[in-house]
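Each remark here refers to the structure printed beneath this line.
Ligands are counted one by one from 1 in listed order, and the atoms in each one are counted from 1 as well. FYI, side chains are in, hydrogens and waters are out, and symmetry mates aren't considered; it's all heavy atoms of this structure.
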Amino acid sequence: MKRVEENYQMAKELYAQMGVDTDQVLKTLSEVPISVHCWQIDDLTGFENPNAVLSGGIAAIGNAPGKPESKEEFIKQLDQALDLIPGNTKLALHAVYLDNQGKKVDRDEIQPEHFAGWVDYAKKRGIGLDFNPTYFSHPMSDSGFTLASSDEGVRSFWIEHGKRCRKIGEYFGRELGQTCITNHWIGDGYKDHTIDKVAPRMRLKDSLDQIFAEPIDWRYNIDSVESKLFGLGSEAYVPGSHEFYTNYVMTQKNCILCMDAGHFHPTETVSAKISSYLVFGQELMLHVSRPVRWDSDHVVMLDDETKAIMQEIVRYQALDKVHIGLDFFDASINRVAATVIGARNARKALLYALLEPSEELIRVEREGNLTRRLALSEEMKTMPAGLVWDMFCEREGVPGVQWLDITK
Ligand SMILES: C[C@H](O)[C@H](O)[C@@H](O)C(=O)CO
Ligand SMILES: [Mn+2]
């Protein structure tokens, strides 16, 4: 305790010399919500069907022991993870984590009451909730198409699911006094060479128009649409591409864009795209993830891209415009630890961004002093951010490096 305090005082002085107020940084770091996804805990199996098989072109690869075998075990492990994650945390749920009280409740039948237990859970923990319709892992998505399907029965089933999920999001927002982001991602697409790329997109646009037709107060629920380049089995064509959704949110204005760090060409980065949306006054949802050669959903590291994403948000004072969520699932390592590692790294990346003297960097760039821009940026890299992090954990009542004990 004393050592953490002493180290922090030293770091505080060093950062002050660079024009950075670490006390203010710690306050902001504690307040910014980061939405931690629940599905790393159980490889996205959920409670709808204990034997569910993941589909939609995504995969949790690995067979690490300890996967929860009941809802009780799931909650226990989730609690264990959340207890080790400092800062203002939201919890992101998927529709398959419903409480169906042992009855069959299909996706086009779900209602707020099936998620009342989660609202109680969130109230108990003092956290907000985000939501995701589950447009996959279901016989009605077996054709590889949902909202863009040419089968009107299939399409209307999923439109109903989308509509109901927004109402559940609204319920979360009202009950918890925090906006819920309801993120819509579909795995639709073709494996091979596609001739008519327009018709599925026309159907997808129409489905979204129907889903979002009813206005919902943005204080309670904001819908986001998540683009993707390809999936397993949809390598050649995905109707819900980045260009498609960018145009959708710009013209329809009834939802915002979600960018997942793994959903682009390997040399493209989400960090490079953020400013273009902010210029047009757009809010954004992010899925912070780590693609390794493809959309592999590896656990988030404290790597250059994660730091760059946070820098972009902080530099333009857009912390209230860009909603930060996590999306990874790795079944090859302990699932609780995976959640903790990824969530702590996302917040550490945010800390690095907040510790940057961004006002000075922007000013010297504007003045044309590009030498100082580079020199100062480089010097910042070896400043003692870890000592500020330790103080953050201390103030949040969460273990610092000692959390590693659970990995023994
Ligand atoms: C489970 C999530 O909804 C899913 O991962 C989606 O967000 C995605 O990124 C699919 O590749
Ligand atoms: Mn995602």
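Less than 2.8 Å away from the Mn ion (ligand 2), the protein contributes these N/O/S atoms: E226 OE2, D260 OD2, H287 ND1, D327 OD2.
In this structure a side-chain-to-backbone donor-acceptor pair under 3.5 Å is missing from H114 to L98. Under the 3.5 Å distance criterion, the side-chain polar atoms of R201 are matched with a main-chain donor or acceptor of P239.
Side-chain contact check for D42 and Y97: at least one donor-acceptor pair (N or O, by modelled atom type) lies under 3.5 Å. A side-chain N or O of T45 and one of K67 form a donor-acceptor pair less than 3.5 Å apart. Side chain to side chain, Y248 and D209 meet the donor-acceptor criterion of an N or O pair below 3.5 Å. Counting only N and O atoms by type, the side chains of Q210 and D206 include a donor and acceptor under 3.5 Å apart. Remark: the Y121 side chain and the D79 side chain contain an N/O donor-acceptor pair separated by less than 3.5 Å.
Of the inter-residue distances, the one linking H138 atom NE2 with N49 atom CG reads 10.0 Å to the nearest 0.5 angstrom.
With a 6.0 Å cutoff to the six-membered ring centre and a 45° limit on the axis angle, R395 counts as a cation-pi contact of Y8.
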One pair per line, please: each N/O atom of ligand 1 matched with every protein N/O atom under 3.5 Å away, atom names first, then the distance to 0.1 Å.
residue: ligand 1; atom: 3 (O); partner: H94; partner atom: NE2; Å: 2.8
residue: ligand 1; atom: 5 (O); partner: D327; partner atom: OD1; Å: 3.3
residue: ligand 1; atom: 5 (O); partner: D327; partner atom: OD2; Å: 2.8
residue: ligand 1; atom: 7 (O); partner: E226; partner atom: OE1; Å: 2.7
residue: ligand 1; atom: 7 (O); partner: E226; partner atom: OE2; Å: 3.0
residue: ligand 1; atom: 7 (O); partner: H287; partner atom: ND1; Å: 3.2
residue: ligand 1; atom: 7 (O); partner: D327; partner atom: OD2; Å: 3.0
residue: ligand 1; atom: 9 (O); partner: E226; partner atom: OE2; Å: 2.9
residue: ligand 1; atom: 9 (O); partner: D260; partner atom: OD2; Å: 2.9
residue: ligand 1; atom: 9 (O); partner: H263; partner atom: NE2; Å: 3.0
residue: ligand 1; atom: 9 (O); partner: D327; partner atom: OD2; Å: 2.8
residue: ligand 1; atom: 11 (O); partner: K228; partner atom: NZ; Å: 2.6
residue: ligand 1; atom: 11 (O); partner: H263; partner atom: NE2; Å: 2.9
residue: ligand 1; atom: 11 (O); partner: D295; partner atom: OD2; Å: 3.3

